[in-house]
Amino acid sequence: MAKKITYNKIDENLYEIPEDFEKGMNVPARFYASRNTLGIITNDNSLNQLINVAKLPGIIKYALAMPDIHQGYGFPIGGVAAFDYDGGLISPGGVGYDINCGVRLLKSNLQKEEVQNHIKDLTSMIYYSCPTGTGKGACVNVSEKELRKILQNGAGWAVKNNYGDSRDLDYIEDNGQLTADDSYVSKRAIERGKYQVGSLGSGNHFLEIGYVESIYNRKLAQIYGVRENDVVVQIHCGSRGFGHQVCTDYLKKLSSYINKNNINLPDRQLVYASIHSEEGKGYFNAMNAAANYAFNNRQVLTHYVRRSFEKSLKVLKKPVHLDLIYDITHNIAKIESHTINGKKKKLIVHRKGATRAFGPNHEAIPDKYKNSGQPILVPGSMGTYSYLLAGTEKAMQDTFGSSCHGAGRTMSRTQARKSFGANKLILQLSKKDIHLQAKSKKGVSEEAPGAYKNVNDVVNILNSSGLVEKVARLRPMAVIKG
DNA sequence: ATGTCC
């Protein structure tokens with residue numbers, strides 16, 4: 001029987017497991033929660049995983065968990081951990097299997113009323129032009145030579161090949177490209193990647209047409225370019241089988257590194273390497289290649305969504321366009337500079353199921369948004385609200401500039417399948433005027449809103465903690481799922 | 001998350 005976790009309340013929605021709670025912890029573990037979510041969070045293994053993360057060498061300040069925390073592979077999902085760059089710890093478990101899984105938000109020049117009557121045709125056209133579900137299927141099949149260009153250039157590949165506009169690149173985190181040497185990617189990953197360029201995937205991935213339901217901050221909404229009733233599109237997906245294979249490959253390689261160097265781990269799933277070692281350098285480069293794969297994936301899908309809007313809404317007899325508001329990643333480790341005890345320090349920041357949330361005037365934010373902090377996209381569970389938020393200076397100080405990534409699961413996929421029937425869920429959505437087009441009933445059950453926390457609660461925890469500014473809330477009209 | 005076991 002594991003020992004009961006004790007923690008101190010250090011702010012209204014912030015709790016801390018002290019460094020002396022368990023032998024081996026190098027820093028305290030902090031998590032954001034409300035009275036409502038506390039019972040859910042302590043119900044799974046996620047806080048034990050967070051304590052294990054606090055035991056890793058070179059961790060800075062504290063192991064952090066966002067309010068959407070739940071257990072994952074090694075590190076909890078909804079976790080943030082920053083390591084000293086000189087020590088160089090990098091860990092695949094701190095990134096996740098779906099490397100650079102992320103969300104992008106597009107805004108159309110159309111109003112809810114204009115799209116409402118055509119929603120089923122539009123959804124269907126997108127559904128058949130954007131492959132969904134597990135396995136093969138892609139908007140475009142590429143040769144190994146072209147794939148390697150994608151792995152190096154990210155979303156720039158799509159733009160160069162006419163899947164988008166060069167302006168899109170300004171509104172993607174890191175401009176849709178991280179530095180990557182693709183020679184560190186396995187042959188098997190290459191094989192899997194060739195046939196999935198421009199595909200949605202399954203699980204919690206989705207494509208959603210919705211509208212801006214309410215505005216919380218007019219000034220920030222104006223800067224981001226959203227108004228009430230604007231029709232928007234969210235695309236949530238990642239690096240597909242390619243990223244999965246990279247993760248699998250390097251968990252194995254780094255496991256050998258751990259054995260070779262006689263390193264004791266609090267959990268076998270927490271394998272890591274120094275980024276300065278050959279193994280660590282290999283993972284960092286392969287991870288970045290997978291990140292580029294995902295950036296490009298979302299860009300190619302965007303192109304097909306745009307074409308579907310144009311074709312399907314010809315009846316409106318007006319030009320239809322979709323502008324990219326922002327594209328964020330919530331599964332990545334990045335080298336960033338942060339102020340620690342008054343001094344700038346180079347860190348390796350792992351965000352797993354956590355979104356970057358840089359505050360105003362950060363150099364990484366596009367000029368147009370410079371004064372407002374970066375846009376943060378928090379999709380809710382299927383058929384519920386999603387949020388557009390802005391990063392704050394407080395997030396820079398308290399969470400290495402990080403926020404949550406969604407509502408966060410409250411039960412396993414297996415448990416959700418047993419608890420919720422797909423047909424009933426589809427009916428419930430339709431009563432709310434939300435049209436669902438899904439590849440598998442199993443997938444629908446697994447993604448039942450009842451298997452997730454309430455996204456409103458999760459966002460309010462971060463908002464009341466000062467980590468994010470609420471900008472707008474989005475309501476779905478139609479959802480496409482794998 | 002994932003050709004849910006190469």
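Just so it is clear: chains get the letters A, B, ... in the order the sequence lines come, proteins before strands, and each one is counted from 1.
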Specify the separation, in whole Å, of atom [atom1] of [X] and atom [atom2] of [N].
{"X": "A:K439", "N": "B:dT4", "atom1": "NZ", "atom2": "P", "result": "16 Å"}
{"X": "A:E446", "N": "B:dT4", "atom1": "CD", "atom2": "P", "result": "13 Å"}
{"X": "A:E447", "N": "B:dT2", "atom1": "CD", "atom2": "C1'", "result": "14 Å"}
{"X": "A:R413", "N": "B:dT4", "atom1": "CZ", "atom2": "C1'", "result": "10 Å"}
{"X": "A:Y250", "N": "B:dT2", "atom1": "OH", "atom2": "C1'", "result": "19 Å"}
{"X": "A:L200", "N": "B:dT2", "atom1": "CG", "atom2": "C1'", "result": "14 Å"}
{"X": "A:K252", "N": "B:dT2", "atom1": "NZ", "atom2": "C1'", "result": "17 Å"}
{"X": "A:L251", "N": "B:dC6", "atom1": "CG", "atom2": "P", "result": "14 Å"}

(message) Just checking A:Y250 against A:Y184, ring centres under 6.0 Å apart?
(response) no
(request) Please check if the distance between the ring centroids of A:Y257 and A:Y272 is under 6.0 Å. (result)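 Distance test on ring centres: not under 6.0 Å, no.
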Exercise for the section: Give a yes/no answer on whether the side chain of A:T134 brings an N or O atom under 4.0 Å of OP1 or OP2 in B:dT4. Expected result: no
Exercise. Taking only side-chain nitrogens and oxygens of A:R240, does any of them come within less than 4.0 Å of OP1 or OP2 of B:dT2?
Worked result: yes
Check your understanding: At their closest point, which heavy atom of A:G238 faces which heavy atom of A:D98, and how far apart are they?
Key ->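 Scanning both residues completely, I find the closest heavy atoms to be CA-OD1, 3.5 Å.
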All heavy atoms of A:L169 vs all of A:G156, minimum pair found to be CD2-N, 3.9 Å
Determine the contact category for [X]: base if any of its heavy atoms lies under 4.0 Å from a base atom, sugar-phosphate if only primed atoms, P, OP1 or OP2 are that close, otherwise nothing.
{"X": "A:E191", "result": "nothing"}
{"X": "A:G238", "result": "nothing"}
{"X": "A:K352", "result": "nothing"}
{"X": "A:G96", "result": "nothing"}

5'-most contact on DNA chain B (nearest-nucleotide basis), A:D98 vs A:R188, goes to A:D98
By nearest-nucleotide position on DNA chain B, the 5'-leaning member of A:R409 and A:K442 is A:R409
Open item on the list: Just to verify, which of A:R306, A:K160, A:R298 counts as forming a salt bridge (charged side-chain N to carboxylate O under 4.0 Å, His left out) with A:D168?
Closed with: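 For A:D168, the salt bridge (charged side-chain N to carboxylate O under 4.0 Å, His left out) check succeeds only for A:R306.
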